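In what follows, every heavy atom counts, from backbone to side chain, and hydrogens, waters and symmetry copies are set aside. Keep in mind the model is a prediction, meaning the values are calculated, not measured.
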Amino acid sequence: VFGLSSVAQVVLGRGDFGQHLSINLGFGIGVTLGIHAAGGISGAHLNAAITLTHCILGNLPWRKLPAYLIGQFLGSFTAAATVFGLYYDALYNYTKGNFTVTGPTATASIFSTYPAPCVSLLGGFFTEFMATAMLLLGILIIHDEKNNAALKGTQALLTGILVLGIGLGMGMNTGYAINPSRDLPPRVFTAIAGWGMDVFTAGHYWWWVPLTAPILGSLAGVFIYKLFIDFHNQPVPESGNEKGQPAVETS
């Protein structure tokens with residue numbers, strides 16, 4: 001809701017109610033609040049690529065994957081519907097009732113990501129891959145208790161700042177989806193709400209890139225972290241545990 005509404009305000013306000021920075025801030029704030037809301041309940045799995053990566057690494061049982069993905073899909077789909085209702089009058093005024101994916105009054109990009117006109121499919125794929133790799137690398141560093149972890153209670157804020165940084169540095173090419181569950185459900189909503197199947201064919205059938213590139217980028221981020229940081233970490237001292245009781249490491 002925070003992220004999509006910030007995009008809506010910039011696009012529909014024609015630059016008078018925010019710029020690219022406000023979109024980055026909106027998504028960063030949304031991630032921070034999402035982690036605070038769901039962190040203690042489910043570990044705040046807001047990203048399907050991260051959830052799938054945890055299953056591959058054995059940190060999350062595969063039987064829980066469908067529930068997490070369904071929750072992410074419904075949350076993102078509902079957010080798109082909420083922003084659509086919130087800005088329906090402005091959308092109608094901006095487009096004269098003609099909801100389009102491309103053109104001078106295109107509005108589909110409010111809800112899902114599309115590549116910039118100058119970006120090739122391969123370039124866009126690489127952008128999403130690298131941006132997600134940096135996301136995972138940053139998240140793992142923030143939570144690395146064996147290295148220089150963030151202070152307790154600041155992890156959510158720092159993760160939001162991490163997303164802000166990715167948007168500031170890598171947002172121009174593709175709109176930095178970095179999350180299949182952030183991109184696909186709103187795309188499905190726009191297909192239903194009046195934009196039609198163009199949302200799947202635009203950008204040389206761009207829709208599959210935000211689904212696959214973040215998953216591969218997530219795995220690459222874990223690989224980089226393991227190879228260059230985690231393998232070199234010192235063991236966590238067990239001074240606070242009773243003799244013979246193993247230390248319990250939380251994620």
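Listed by first and then second residue, the side chain to side chain donor-acceptor pair (under 3.5 Å) pairs that reach into residues 6-15 are Gln9-Tyr87, sequence neighbours excluded. Every pair tested for side chain to side chain donor-acceptor pair (under 3.5 Å) that includes a residue from residues 92-106 fails, sequence neighbours excluded, so the list is empty.
Residue Leu12 is grouped with residue Phe27 when hydrophobic side chains (ILVMFWY) are merged at heavy-atom distances under 4.5 angstrom, including chains of intermediate members. Residues Phe189 and Val199 fall within the same hydrophobic cluster, defined by Ile, Leu, Val, Met, Phe, Trp and Tyr side chains chained together at heavy-atom separations under 4.5 Å. Residues Ile35 and Tyr176 fall within the same hydrophobic cluster, defined by Ile, Leu, Val, Met, Phe, Trp and Tyr side chains chained together at heavy-atom separations under 4.5 Å. Val7 and Leu86 fall within a single hydrophobic cluster, where Ile, Leu, Val, Met, Phe, Trp and Tyr are joined by side-chain heavy atoms under 4.5 Å apart, directly or via other members. Under the 4.5 Å side-chain heavy-atom criterion for Ile, Leu, Val, Met, Phe, Trp and Tyr, Ile50 and Ile229 are members of the same hydrophobic cluster.
The nearest pair of heavy atoms linking Ala156 to Thr32 is O-OG1, 3.3 Å. In terms of heavy-atom proximity, Thr154 sits nearest to Ala150 at OG1-CB, 3.5 Å. Closest non-hydrogen pair, Asn179 versus Leu46, comes out as ND2-O, 2.9 Å. Residues Ala191 and Phe200 come closest through the heavy atom pair CB-CE1, 3.9 Å.
In this structure, the separation between CG on Asp230 and CG on Asn233 is 5.0 Å, given to the nearest 0.5 Å. To the nearest 0.5 Å, the span separating CG on Leu122 from NE2 on His204 amounts to 12.5 Å. In this structure, Ser109 OG and Leu4 CG are separated by 11.0 Å, a value rounded to the nearest 0.5 Å.
Counting side-chain heavy-atom gaps under 4.5 Å among Ile, Leu, Val, Met, Phe, Trp and Tyr, the cluster of Phe2 also holds Ile29, Leu33.
Side-chain contact between Ile56 and Trp62 is present, with at least one heavy-atom pair separated by less than 4.5 Å.
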Table please: side-chain donor-acceptor pairs of residues 207-225 below 3.5 Å, with sequence neighbours left out.
unit_1 : atom_1 : unit_2 : atom_2 : d
Trp208 : NE1    : Tyr205 : O      : 3.1
Thr212 : OG1    : Trp208 : O      : 3.1
Ser218 : OG     : Thr53  : OG1    : 2.6
Tyr225 : OH     : Asp144 : OD2    : 2.9

Can I get a per-line list of side-chain donor-acceptor pairs under 3.5 Å for residues 129-141, giving both atom names and the distance, sequence neighbours left out?
unit_1 : atom_1 : unit_2 : atom_2 : d
Thr132 : OG1    : Glu128 : O      : 2.7

In residues 113-121, what donor-acceptor pairs under 3.5 Å come from side-chain atoms, sequence neighbours left out?
unit_1 : atom_1 : unit_2 : atom_2 : d
Thr113 : OG1    : Asp183 : OD1    : 2.6
Tyr114 : OH     : Arg187 : NH1    : 3.4
Ser120 : OG     : Gly123 : N      : 3.0

Report, one line per pair, each donor and acceptor closer than 3.5 Å where one atom sits in a side chain of residues 159-166; sequence neighbours left out.
unit_1 : atom_1 : unit_2 : atom_2 : d
Thr159 : OG1    : Gln155 : O      : 2.8

Taking only distance into account, with no hydrogens and no angle test, what donor-acceptor pairs under 3.5 Å do side-chain atoms of residues 70-77 form with protein atoms, sequence neighbours excluded?
unit_1 : atom_1 : unit_2 : atom_2 : d
Gln72  : OE1    : Ala48  : N      : 3.3
Gln72  : OE1    : Ser181 : OG     : 3.4
Gln72  : NE2    : His45  : O      : 2.9
Gln72  : NE2    : Thr51  : OG1    : 3.0
Ser76  : OG     : Ser181 : O      : 2.9

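Every residue two or more places apart in sequence or in another chain that forms a side chain to side chain donor-acceptor pair (under 3.5 Å) with His20 is listed here: Asn24. Listed by chain and number, the residues in a ring-ring contact (aromatic ring centres under 6.0 Å, His included) with Tyr88 are Phe84 (sequence neighbours excluded). A search for side chain to side chain donor-acceptor pair (under 3.5 Å) contacts involving Asn173 returns Thr127, not counting sequence neighbours. By the ring-ring contact (aromatic ring centres under 6.0 Å, His included) test, Phe111 is found to be paired with Trp195, residues two or more places apart in sequence or in another chain being considered.
Side-chain N or O atoms of His232 include one that pairs as donor or acceptor with a backbone N or O of Leu227 at under 3.5 Å.
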